[in-house]
Amino acid sequence: MTTRIPGVPVFKLYGENQAWPTPDLLHCESIPKRSSLHHWEIKPHSHADLFQLLYVQRGQAVVEVEGRRSEITEPSIQVTPPLCVHGFQFSENIEGFVLTLGAPLVERLEERLGAPLAVLASSGCYPVGRDRRYINTLFAALLQEYEGSAASRDLVLDSLVNVLMVWITRRSQQNTPPSGRDERNRQLLGRFIKLVERHYREHLTVEAFAHRLDLSSVHLNTLCRRLAGQSALQIIHQRLLLEARRNLIYTNMTIAQVSDRLGFSDPTYFSRFFRRLSGQSPNAFRRENGQGKEES
């Protein structure tokens, strides 16, 4: 189970701590509708159980995800999963859409596809390129159906979301060599990532994760390297490092408290782990990101 970071607001919708506005498992609106009320800036926040897709159709956006900033200057879809700390700054000529999906809807889509939607498991930005007109039409149809009350509205919304998920998944796999076993391996990787998300604080071995997946550690490492570009241990360590960075940026916990929260037996060991993976000490990282004075 993931836990929220103290001090970072957990919103129920795009940038606001307000109730879910409809009984639907999704919400769709234009970017300007809400961001214009906040001077075109949505400060860093997260969502407990919502997946969010931001389609920048025209204009520019600065996206901050887990303390890292990037700029969107061409039509693109930004994906942010639950509990991913993110914020946005938009140009005043921004055009586009925000699609928010409830976790139960995503689970339902995964059941229909027969596989985890791995593309929604981590943040990512996907330029639409030559599919711009197609994506424009798809989001316009989503908004029209969402705001309407025509017959079979839920069925049409589900269908449109399915089409969008397939497009994003295809885009994320464009550079993956085709293989008859890829689909099964992607399912295994998705299961592994979910296990890591539940147990990364327990510091389980790769062998322990492989056993739970009924695989050998060699097989698990092979599919992780081929589909994710990292070994299984690197994926586990990167998840720990991500959580460490989030706590150092967004909380006032001491280094010792962060170490304990992440399951390290000794703050010194945690500091060595953090330096080895990030190239700097936890204190240096915190100073660089404007989070106060160095601890003695």
Side-chain angles (χ1 to χ4, degrees), residues 1-3 5 65-68 70 79-85 110 113 115-126 168-249 255 258-282 284-285:
M1 176 183 294
T2 55
T3 56
I5 300 175
V65 178
E66 302 295 356
R68 297 181 180 275
S70 59
V79 174
T80 54
L83 291 176
C84 175
V85 180
E110 290 178 332
L113 291 171
L117 279 166
V119 73
L120 296 183
S122 58
S123 64
C125 187
Y126 304 95
I168 296 174
T169 300
R170 287 175 176 173
R171 180 53 56 94
S172 72
Q173 295 171 354
Q174 274 186 343
N175 298 322
T176 303
S179 167
R181 292 178 295 182
D182 267 359
E183 186 58 35
R184 179 175 180 273
N185 285 337
R186 277 194 290 269
Q187 291 181 31
L188 287 170
L189 179 62
R191 288 171 57 197
F192 172 59
I193 290 172
K194 286 186 175 181
L195 280 175
V196 171
E197 188 64 28
R198 294 191 198 107
H199 301 289
Y200 65 89
R201 291 185 178 88
E202 300 170 30
H203 296 247
L204 300 178
T205 63
V206 172
E207 288 76 14
F209 280 110
H211 178 73
R212 296 186 184 200
L213 294 167
D214 198 24
L215 301 173
S216 70
S217 57
V218 172
H219 187 178
L220 179 59
N221 270 311
T222 298
L223 74 88
C224 285
R225 286 195 173 96
R226 188 161 69 83
L227 296 181
Q230 302 180 85
S231 70
L233 185 61
Q234 285 174 317
I235 290 174
I236 298 166
H237 284 177
Q238 286 299 319
R239 183 62 185 91
L240 270 169
L241 180 64
L242 171 62
E243 198 68 17
R245 284 172 166 160
R246 294 168 75 177
N247 281 282
L248 291 168
I249 292 175
I255 303 302
V258 174
S259 170
D260 183 66
R261 181 184 181 86
L262 296 181
F264 289 87
S265 58
D266 180 7
T268 302
Y269 174 48
F270 165 69
S271 293
R272 286 202 300 267
F273 168 86
F274 191 93
R275 183 187 290 275
R276 178 165 57 83
L277 268 68
S278 69
Q280 59 186 160
S281 69
F285 176 80

Aromatic contact, Tyr200 with His237 (centres under 6.0 Å):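 They do not qualify: ring centres at least 6.0 Å apart.
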Taking atom CZ of Arg68 as the centre, does the number of heavy atoms from other residues, nucleotides or ligands within less than 6.0 Å exceed 12?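 Count not over threshold, so no.
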Does atom NE2 (His203) have a neighbourhood of more than 12 heavy atoms from anything else shown, all under 6.0 Å?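 More than 12 within 6.0 Å, yes.
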To the closest 0.5 Å, what do you measure between [atom1] ([X]) and [atom2] ([Y])?
{"X": "Glu197", "Y": "Ile236", "atom1": "CD", "atom2": "CD1", "answer": "12.5 Å"}
{"X": "Tyr269", "Y": "Phe274", "atom1": "OH", "atom2": "CZ", "answer": "14.5 Å"}
{"X": "Leu233", "Y": "Glu207", "atom1": "CG", "atom2": "CD", "answer": "9.5 Å"}

So do the side chains of Phe285 and Ser278 get within less than 4.5 Å of each other, counting heavy atoms only?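 When only atoms from C-beta onward are counted, Ser278 and Phe285 do not touch, as no gap falls below 4.5 Å.
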Any side-chain donor-acceptor pair under 3.5 Å between Glu202 and His199?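 Yes - a donor-acceptor pair under 3.5 Å links their side chains.
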Closest approach of [X] and [Y], non-hydrogen atoms and distance?
{"X": "Leu223", "Y": "Asn185", "answer": "CD1-O, 3.9 Å"}
{"X": "Val258", "Y": "Phe270", "answer": "CG1-CZ, 3.8 Å"}
{"X": "Val65", "Y": "Ser123", "answer": "CG1-OG, 3.5 Å"}

Is the shortest side-chain N to carboxylate O distance from Glu66 to Arg245 below 4.0 Å?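 Looking at Glu66 and Arg245, the cut-off is not met.
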So that I can tick it off, tell me whether Glu243 and Arg261 are bridged by a salt bridge, with the cut-off set at under 4.0 angstrom between side-chain N and carboxylate O.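 Judged by the 4.0 Å cut-off on N to carboxylate O distance, Arg261 and Glu243 do not form a salt bridge.
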Describe, in one word, how the ring planes of Phe273 and Phe264 are oriented to each other, choosing from parallel (under 30°), tilted (30 to 60°) and perpendicular (over 60°).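 If you compare the ring of Phe273 with that of Phe264, the planes turn out tilted.
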Please check: side-chain N/O of [X] versus main-chain N/O of [Y], any donor-acceptor pairing under 3.5 Å?
{"X": "Ser259", "Y": "Ile255", "answer": "no"}
{"X": "Gln234", "Y": "Ser231", "answer": "yes"}
{"X": "Asn221", "Y": "Ala232", "answer": "yes"}

